[in-house]
Amino acid sequence: MPGWYYDKKEIKNSPSAQDGLDFETEMRYRKEGARFIIDTGSKMDLGYNTTATGVVYFHRFYMFHSFHQFPRYVTACCCLFLAGKIEETPKKCKDIIKTARGLLSDEKFATFGIDPKEEVMTLERILLQTIKFDLQVEHPYSYLIKYAKCLKGDKVKLQKMVQMAWTFVNDSLCTTLALQWEPEIIAVALMYLAGKLSKFEVLDWSGRTPKHLRWWDVFLEDVTMDLLEDICHQVLDLYSTQPTAVPDSPPPKSQANPPTPRKSNGQDKSDDSAANKSIQMTDMTPYQYQTFTTAPPPAYPSVYSAPPIQVAPHLSAPPPHISAPPPTVFPQFVSHPPPFPPVVTGTAPPPTFYPPAAPHHQNQRPFYQPPP
Amino acid sequence: MDYRRTGSSMERNDGYEELFTIGRGAYGTVYKARDRNTGKIVALKKVLVPLTDDGIPKNTLREISLLKQLDTYEHPNIVRLFDICHGQQKERELIMFLVFEHVDQDLALYIEKNANRGGFSTITIRNMAREILNGVDFLHTNRIVHRDLKPQNLLVTHDGHIKLADFGLAKTYDFEMQLTSVVVTLWYRAPEVLLGLSYATPVDIWSVGCIIAELYKLSALFCGTSEGDQLNKIFKILGKPPRNEWPKENVAVRYESFEVVDPIGISHLIPNLCTTGKDLVLSMLKFDPNKRITALEALNHTYFTEEPINT
Ligand SMILES: Nc1ncnc2c1ncn2[C@@H]1O[C@H](COP(=O)(O)OP(=O)(O)OP(=O)(O)O)[C@@H](O)[C@H]1O
Ligand SMILES: [Mg+2]
């Protein structure tokens, strides 16, 4: 849909920013809102398309309104509620609120006011008006599947690569990428990233002509490596940001996320220098190791012999063909317990929005059900 | 909470100034209006949406968002949809405004005006027919059945181009929301609709057949006053369908109840219709919907490809 893409400057200059909210906090709010939609959606057995659509509505909404004015969890519920109707997976508003109630602290649920359902229903109209009734949204998933079908090479490796890319797409919802680039481009970028990390080099593909240097030249024109790397880094930045115990409303500066080695989302394109951002396996390995280790507590490092791919029990059967989205065999990076217990000082409240640090089980429910 | 204020100010429809009523249909009213920000003249269609316990029904949302999505193609024969906004909520209903580009007149009026001037040239008819079919083909490609094609729902721009209007909200309208005072015309209805059978894209082709005939005839081809009478009028002109084409199931109307001895025939009624034009119209007016030509096939019919014979 034209008109729904922004450059990084515009994202930085959001209504929340104009309302005095600092950029890091806005990105955290966006991430928390997105994660909450995903968690609520998967708890209610909504498919990946419905949750992704809800998340895209959420990001678009806050390009027109401030987080100060519209509490994020109410908006998130409303986005999921609306996405359910559009994706033909409708859920009752009261059931969504019930699920949300179970996922949120009392303090956060208080933002729903005395009549939570009325709050969400009132917001439905504001949301519709804000996103201009552009309710049909495409996601990278379908492109991922489409592209994967054209790649040639070792089936098992390809499958692993696609699974990894799929998880990156899940996680990309927590960034503002859907506000910046078309789903096709995001799919290519995250397959490129997954290919690098899983050491699957695409040497041949169907539809190849002598003009094509890269497999994605079959599908997209004018995609530069700089662009792909920038997209990859926006996703990777998610894993490098340490969840810290921060209060809910704009945190004091000292509580802001620690500086990360990578630049965060939404930086100006001008300060991207491909040289210092280029993804190289040498600098990738520790980086990505850290990333993936955010899933289990450090006590289980052996799981992560590189490449960090866990084979889920149901995958030990013959590898499925890539005709359907792969099952999620990756841990959900972002909502997992932080690798190290956050330092909770006397004044800072505990991080309630992260699930309690339970040992990571292999049979943990994937947060996206593979579609039939 | 202070966003309620924001909400209500957005819900007031103060972005547009209603000038006067253009048309009143069965389900809504269309106003000529002015966009207060740009000064642009628009057509504002006011639709009442019944609210459920869970807000705006999903069928309505899906239909409206499909309309918005279709609009991004900017098809030349489809009326532009600029904006959608909602007005007040009344009890269990929500007023929605669909903001369309304003088009000078509809085809009903255009035909009426030209009838007084001796009718259209063959070239004009051919171009209008092509544009209608282009629009219909676009809708069908996007899996939309118009269901109510008629001269009132075809708009004609100041330079004589056709734009389809009033489609895509069938499910939104499916509620008992019809204004009883408005008589719904049956004249362009396909037999399967009149018989109460399930229907699909061929119903639109039937309607286009009636409309093309009307462009030559300058009055409607089949003017029934009830479903039965409409079928009767159709058979009187085209003849009764063969016995074996009469639907087997779910038909309350008996084949035998229609008595047609000598069909009048379309050439007799429309002497100015050329041979290829007649062939095209008859292929659109086939009783069996499966035998009716499609919009795409129609666009490739000799009627459109042959050298114009007279003007
Ligand atoms: N964009 C427009 N510009 C100018 N006039 C219009 C426009 N849209 C509709 N009209 C006029 O208003 C009339 C009613 O509009 P429309 O058919 O959309 O409403 P409706 O209530 O759905 O009618 P119907 O009874 O056909 O369902 C049309 O017949 C036409 O004359
Ligand atoms: Mg109409």
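Model, not experiment: these values are computed from the prediction. Per chain, numbering begins at 1; letters A, B, ... match sequence-line order.
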Below 4.5 Å, heavy atoms only, C-beta onward: do [X] and [Y] meet side chain to side chain?
X	Y	answer
L51(B)	M121(A)	no
K92(A)	D54(B)	yes
E88(A)	R62(B)	yes

Check: Which bit of I56(B) comes within less than 4.5 Å of chain A, counting heavy atoms only: side chain, backbone, both or neither?
Finding: both

Next item on the list: May I ask you to decide if L61(B)'s main-chain N or O and K85(A)'s side chain share a donor-acceptor pair within less than 3.5 Å?
Entry: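 Such a contact is absent between K85(A) side chain and L61(B) backbone.
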
Check: Does Q69(B) reach the main-chain N or O of L135(A) with its side chain, forming a donor-acceptor pair under 3.5 Å?
Finding: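 No, because the side chain of Q69(B) does not come within donor-acceptor range (under 3.5 Å) of the backbone of L135(A).
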
Checklist line | Over all atoms of both residues, closest heavy-atom pair of Q136(A) and S65(B) | finding: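 Heavy atoms of Q136(A) and S65(B) come nearest at NE2-OG, 2.8 Å.
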
Note to self: Show the nearest heavy-atom pair for residues Q129(A) and I84(B), with the distance to one decimal.
What the structure shows: NE2-O, 2.8 Å

Note to self: So which residue, N59(B), D83(B), D53(B), ends up with the most heavy-atom pairs under 4.5 Å with chain A?
What the structure shows: D53(B)

Next item on the list: Check step by step if side-chain contact (heavy atoms from CB on, under 4.5 Å) holds for L128(A) and M96(B).
Entry: CA-CA 12 Å; L128(A) 281 167; M96(B) 298 249 278; over 6 Å; no

Item checked: Inter-residue atom distance L81(B).CG - F133(A).CZ, 0.5 Å rounding -> 10.0 Å

Notebook entry, point to check: To the nearest 0.5 Å, how far apart are NZ in K58(B) and OG1 in T89(A)?
Noted result: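 Rounded to the nearest 0.5 Å, the NZ-OG1 separation comes to 9.5 Å.
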
